[in-house]
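Here the structure is a predicted model, which is why all the values come from computation and not from measurement. As the structure lists them, so they are numbered: ligands from 1, and atoms in each ligand from 1. In what follows, every heavy atom counts, from backbone to side chain, and hydrogens, waters and symmetry copies are set aside.
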Amino acid sequence: MSKDTLTITDNRTGKQYEIPIEHNAIRTADLRQIKTSVEDAGLVGYDPALTNTATCKSKITCIVGDKGILRYRGYPIEELAEKSNYLETAYLIVKGELPDRKHFEMWKQNVTIHSMVHENIKKFVDEFRYDAHPMGILVGTVGALSTFYPDAKDIFDLESRRLQTRRLIGKLPTLAAFAYRHSRGLPYVYPDNDLSYTGNFLSMLFKMTELKYQPNPVLERALDVLFILHADHEQNCSTNALRSVASSQVDAYSAVAAAVAALYGPLHGGANEAVIRMLMEIGSVKRIPEYIKKFKSGEGRLMGFGHRVYKNYDPRAKIIKRVADEVFQVTGRNPLIDIALELERIALEDDYFVSRKLYPNVDFYSGIIYQAMGFPVTMFPVLFAIPRTSGWMAQWAELVRDPEQKITRPRQIYIGEGARSYVPIAQRPQPDMREDAVSESI
Ligand SMILES: CC(C)(COP(=O)(O)OP(=O)(O)OC[C@H]1O[C@@H](n2cnc3c(N)ncnc32)[C@H](O)[C@@H]1OP(=O)(O)O)[C@@H](O)C(=O)NCCC(=O)NCCS
């Protein structure tokens, strides 16, 4: 008869342990009972990048990597990208269900009225260097919001959590646009609440002297679809950073600032920028075979290919490819697309990529679209952070309400020196010997 347990034999002691299995997982805390002696602290799981460790139970986003499935609250990403809009998807992610008409209107209104930021934030942005990276500005300004809303410390109050969620989703485009305008030396554009979420964002970015900015409806919709695709992606690096920081019960602005910081890194939010740089370096379709050869020999990677979770295809990449066609009808064709298409065609026929299950990911085409729409590469991770805010806030609320969660505090395997006595500086080894010893640890 089958049992939902795991039997472990410790060959060091010959003892057997029976550990429960729930949701196809064991609790690594159950390993602690496996000891060789009373002094032994017990067995731990060693998983440096948490590649096979679940840190929470979640109802928000489901990914089935080997089938190329991504669903928010049960709804397939393909359907949402085709039929929904970003604000409705954000409602779904944050609240768990699609809204009825009345609740959607209320939600839209409640998010939109929070699009303004305190005037002091403007001064704050002003003080960054003229060439400051917009992600650096975003980390700073999102964190600074916590000083404007001390009420956000009340994280166990439902109404406060709702308010911070609406504020953050409402304000992120404004902070992002201010960061962009600052880097261009352009005056800030205040929100236009008559426009849609993405229409207003485009206005705050690109409005010049016209009295009212009219977003191109195709580009407005394309950005909206890209926002839907980026709204959540379960326990990725920035969400894990957010959960870890939020587990200390800090306010949501500080936790989201930590998430934005994680997204700033080239392995996370910066991959689409790396794709653009790679495509520009390749420069022409003729040079693709030469580069494919390099990637296969381990000299660099084919950026925008491969994924830690998706081992069949990234469902977002398919949708983005379609969006690219629509955008190019308006902006004209980004010449890099021809290189990208040919790279994809060759890679998908090549045994190296096929056998390693390396397929285009979301970043392979998104950068080409953003570039065609007029965004500088430094804005790419910012365009990721804006929609991901709804995912972060949903994950944050889930964490705060989860009775099983505590302050995050992983274990380590200590491999350093044993106990030793302090030696006064005058009695320590010669300088050149010490330099050798120290250089190993930095
Ligand atoms: C996304 C990524 C980090 C996933 O990495 P991972 O799941 O840890 O996979 P690994 O790094 O273990 O790679 C497995 C194998 O595929 C190869 N590989 C993975 N991605 C590759 C790529 N983009 N180009 C060439 N080879 C690649 C590795 O060299 C390795 O080969 P080996 O088994 O012969 O050593 C990785 O595929 C990558 O670096 N892709 C490019 C960057 C990118 O697009 N990032 C955005 C992700 S959304």
**Study point:** side chain to side chain contact (heavy atoms under 4.5 Å, CB included) partner of I276, chosen from M280, E273, M278
**Key:** M280
Review point. Got the closest protein heavy atom to atom 47 (C) of ligand 1, with its distance?
Key: N361 ND2, 3.6 Å
Study note, to complete from the structure: atom 15 (C) of ligand 1: closest protein heavy atom, distance to 0.1 Å, is R356 CD, 3.8 Å
Practice item. For the residue pair F128 and F124, categorise the inter-ring angle as parallel (less than 30°), tilted (30 to 60°) or perpendicular (more than 60°). Key: perpendicular
Check your understanding: Can you tell me if Q235 and Q395 form a side-chain donor-acceptor pair at under 3.5 Å?
Key -> yes
Check your understanding: What orientation do F201 and F375 show, parallel under 30°, tilted 30 to 60°, or perpendicular over 60°?
Key -> parallel
Point to revise | Pairing residues for E398 by the salt bridge (Lys or Arg N to Asp or Glu O under 4.0 Å) criterion, not counting sequence neighbours | key: R243
Revision key, fill the gap. Among non-hydrogen protein atoms, atom 28 (C) of ligand 1 lies closest to R301 NH2, 3.3 Å
**Study point:** Closer than 4.0 Å: a protein non-hydrogen atom to atom 44 (O) of ligand 1
**Key:** yes
Exercise for review: Using a strict 4.0 Å cut-off to heavy atoms of A271, name the atoms of ligand 1 that fall inside it.
Suggested key: 45 (N), 46 (C)
Point to revise | Shortest protein contact, atom 42 (C) of ligand 1 (heavy atom only) | key: M303 CE, 3.3 Å
Practice item. Establish whether atom 18 (N) of ligand 1 and some protein heavy atom are separated by less than 4.0 angstrom. Key: yes
Check your understanding: Checking K122 against Y188: charged group under 6.0 Å from the ring centre and within 45 degrees of the axis?
Key -> no
Review point. For ligand 1, is there an N or O atom under 3.5 Å from any N or O atom of K311?
Key: yes
**Study point:** Nearest non-hydrogen protein atom, atom 4 (C) of ligand 1
**Key:** R308 N, 3.7 Å
Review point. What residue and atom, counting heavy atoms only, is the protein's closest point to atom 48 (S) of ligand 1, and at what distance?
Key: D363 OD2, 3.3 Å
Point to revise | Atom indices of ligand 1 within 4.0 angstrom of G306 heavy atoms, with elements | key: 1 (C), 37 (O)
Point to revise | All side-chain hydrogen bond (donor to acceptor under 3.5 Å, both in side chains) counterparts of R411, not counting sequence neighbours | key: none
Review point. Is F305 in polar range of ligand 1, meaning some N or O pair under 3.5 Å apart?
Key: yes
Point to revise | Contact check, L358 vs ligand 1, heavy-atom distance below 4.0 Å | key: yes
Check your understanding: Should we count NZ of K67 as having more than 12 external heavy atoms under 6.0 Å?
Key -> no
Revision key, fill the gap. Atoms of ligand 1 under 4.0 Å from any heavy atom of G304, numbered from 1 in the order shown, are 43 (C), 44 (O)
Study note, to complete from the structure: Going by the 4.0 angstrom heavy-atom rule, the piece of D314 near ligand 1 is neither
Check your understanding: Which heavy atom of H23 sits nearest a heavy atom of K57, and at what distance?
Key -> CD2-CE, 4.0 Å
Exercise for review: Check whether any heavy atom of Y352 sits under 4.0 Å from an atom of ligand 1.
Suggested key: yes
Point to revise | Shortest protein heavy-atom distance from atom 24 (N) of ligand 1, along with the residue and atom involved | key: L302 N, 3.0 Å
Study note, to complete from the structure: Here the gap from L50 atom CG to T55 atom OG1, rounded to the nearest 0.5 Å, amounts to 6.5 Å
Exercise for review: Using protein heavy atoms only, decide if any is under 4.0 Å from atom 12 (O) of ligand 1.
Suggested key: no
Practice item. Tell me yes or no: between the side chains of D192 and S203, is some donor less than 3.5 Å from an acceptor? Key: no
